[in-house]
Amino acid sequence: MTVKPVRTKQAKPHWLRRALPTGPQYERIRSLIKDQCLHTVCQEAMCPNQFECFAKGTATFMILGDRCSRACRFCAIGHGPQGPPDPQEPDRVAAAVRAMGLSFCVLTSVTRDDLADGGAAHFAATIRAIRQANPHTLVEVLIPDLQGDAEALKIVLDARPDVLNHNLETVARLYPTVRPEADYRRSLELLRHAGCLAPSIVRKCGIMVGLGETAAELAELFADLHQTGCDILTIGQYLQPSRHHLPVARFLPPDEFEALEAQVLATGFGAVAAAPFVRSSYQAETLYRRVTHPA
């Protein structure tokens with residue numbers, strides 16, 4: 001049954017209200033991104049952490065344009081026809097990483113089902129450009145499912161990112177409602193196969209809660225994901241971007257996120273971040289180092 005998106009009538013609870021950081025660092029990062037004609041998922045997806053991250057001098061670069069070939073019902077990023085990849089974009093991203101002085105860089109993209117390789121070659125070119133201009137910068141890539149194309153995945157991994165991130169977003173039952181053009185099992189297989197192609201790579205995944213999932217379904221997701229060999233999991237609260245998107249089923253209080261974090265660690269993951277404002281790339285370097293340099 002199709003759920004009709006409506007404007008949520010639930011007022012945000014107090015734990016989802018906070019002051020927005022501003023200042024010269026925030027303005028510097030915003031201007032740099034604009035001047036380089038780049039996109040960030042922070043801005044396009046209306047991430048609640050963009051002010052905090054910009055103020056700290058970090059951002060998650062979104063390559064391959066600003067429109068997605070899919071129309072997931074939770075996501076604020078626009079969708080529709082998109083032009084070919086910009087061959088100059090990898091160098092512009094690399095220059096921005098250098099200007100920002102990043103020790104850890106996160107790349108993501110819109111989904112590009114219109115491209116034969118799903119954008120894999122462009123991901124690889126961007127990773128290599130960053131490496132050439134910033135040889136000491138670590139690189140995390142948050143990739144779409146590439147429609148399950150193992151060769152496309154290999155193209156990305158051959159560029160040797162330090163972290164391969166791919167989001168499940170929600171539990172299996174909710175896929176037809178939340179992301180009807182994706183496939184739960186296909187995403188699990190991508191993460192599993194990444195470990196086969198690049199055994200030393202850190203693998204990461206992110207999900208949202210508050211869409212109507214049950215505790216049992218979350219436990220099943222944690223077990224499924226752990227079986228792929230995934231190292232890191234991020235869990236955050238779903239927030240409705242507009243009245244045209246899926247409504248929030250429930251706002252989870254902070255103590256429930258703490259319980260989820262403990263549950264995930266008990267399942268066997270190397271690192272987890274679970275809190276209302278957590279998103280896939282939030283504190284990415286910290287989570288990476290928890291896995292690679294455990295205390």
Side-chain angles (χ1 to χ4, degrees), residues 1-6 39 41 43-47 60 62-85 107-123 141-156 164-194 203-213 217-218 220-221 224-225 228 230 233-236 238-249 279-281:
M1 181 179 68
T2 301
V3 177
K4 184 179 179 181
V6 296
H39 301 290
V41 73
Q43 296 164 309
E44 303 296 337
M46 299 171 60
C47 176
T60 297
M62 190 174 77
I63 60 175
L64 289 165
D66 62 351
R67 283 176 291 170
C68 191
S69 59
R70 300 182 188 177
C72 294
R73 301 179 69 214
F74 67 89
C75 185
I77 294 174
H79 64 278
Q82 185 68 272
L107 297 176
T108 190
S109 78
V110 291
T111 299
R112 293 296 303 268
D113 291 335
D114 57 306
L115 300 176
D117 68 351
H122 197 72
F123 261 107
V141 291
L142 170 56
I143 64 171
D145 64 24
L146 305 173
Q147 299 191 78
D149 186 338
E151 287 303 314
L153 177 60
K154 186 175 186 301
I155 289 170
V156 176
L164 190 286
N165 188 350
H166 175 67
N167 289 342
L168 283 177
E169 305 291 9
T170 189
V171 298
R173 176 180 59 85
L174 293 177
Y175 263 59
T177 298
V178 176
R179 48 189 328 221
E181 296 167 276
D183 183 273
Y184 179 81
R185 292 294 165 187
R186 182 167 65 194
S187 287
L188 288 173
E189 176 57 22
L190 180 150
L191 287 163
R192 186 200 66 77
H193 194 55
R203 284 168 287 166
K204 181 178 177 182
C205 185
I207 66 167
M208 305 170 290
V209 290
L211 282 161
E213 68 287 331
E217 288 171 330
L218 284 174
E220 182 179 8
L221 182 151
D224 288 344
L225 193 54
T228 70
C230 186
L233 179 61
T234 59
I235 307 173
Y238 168 65
L239 299 173
Q240 184 181 20
S242 78
R243 64 186 180 87
H244 303 294
H245 293 82
L246 289 171
V248 176
R279 297 297 183 265
S280 296
S281 57

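Every heavy atom of this structure was used, including side-chain atoms; hydrogens, water molecules and symmetry mates were not.
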Are [X] and [Y] side-chain neighbours, meaning at least one heavy-atom pair lies under 4.5 Å?
| X | Y | value |
| --- | --- | --- |
| His166 | Ser187 | yes |
| Ile235 | Leu218 | no |
| Asp117 | Leu146 | no |
| Glu220 | Val171 | no |

Heavy-atom pair with the smallest gap, counting every atom of [X] and [Y]:
| X | Y | answer |
| --- | --- | --- |
| Glu181 | Ser69 | OE2-O, 4.0 Å |
| Leu168 | Cys205 | N-SG, 3.3 Å |
| Arg192 | Arg203 | O-NH1, 3.8 Å |
| Glu217 | Gly212 | OE1-O, 4.4 Å |
| Ala182 | Arg186 | CA-NH2, 3.8 Å |
| Ile63 | Phe123 | CD1-CD2, 3.8 Å |

From CA spacing to verdict: side chain to side chain contact (heavy atoms under 4.5 Å, CB included), Asn165, Ser280: CA-CA 8 Å; Asn165 188 350; Ser280 296; 4.0 Å; yes
Can you list the steps and then say if Thr170 with Tyr238 is a side chain to side chain contact (heavy atoms under 4.5 Å, CB included)? CA-CA 10 Å; Thr170 189; Tyr238 168 65; over 6 Å; no
[atom1]/[X] to [atom2]/[Y] distance, rounded to the nearest 0.5 angstrom?
| X | Y | atom1 | atom2 | value |
| --- | --- | --- | --- | --- |
| His245 | Leu239 | NE2 | CG | 12.0 Å |
| His122 | Leu64 | NE2 | CG | 4.5 Å |
| Arg173 | Leu211 | CZ | CG | 10.0 Å |
| Thr60 | Leu107 | OG1 | CG | 9.0 Å |
| Asp66 | Gln82 | CG | CD | 6.0 Å |

For Ile143 and Leu153, run side chain to side chain contact (heavy atoms under 4.5 Å, CB included): C-alpha distance rounded to whole Å, both residues' side-chain angles, the deciding distance at 0.1 Å, then the answer. CA-CA 9 Å; Ile143 64 171; Leu153 177 60; 3.9 Å; yes
By side-chain contact (heavy atoms from CB on, under 4.5 Å) - contacts of Glu169 (at least two apart): Phe74, Asn167, Arg179, Met208
Mind running side chain to side chain contact (heavy atoms under 4.5 Å, CB included) on Val110 and Arg67 for me, showing each step along the way? CA-CA 6 Å; Val110 291; Arg67 283 176 291 170; 5.8 Å; no
Sole residue of Leu164, Asp149, Thr228 in side-chain contact (heavy atoms from CB on, under 4.5 Å) with Leu190: Leu164
Salt-bridge present (Asp183, Arg185; N to O < 4.0 Å): no
Less than 4.0 Å between a side-chain N and a carboxylate O, is that true for Lys154 and Glu151? no
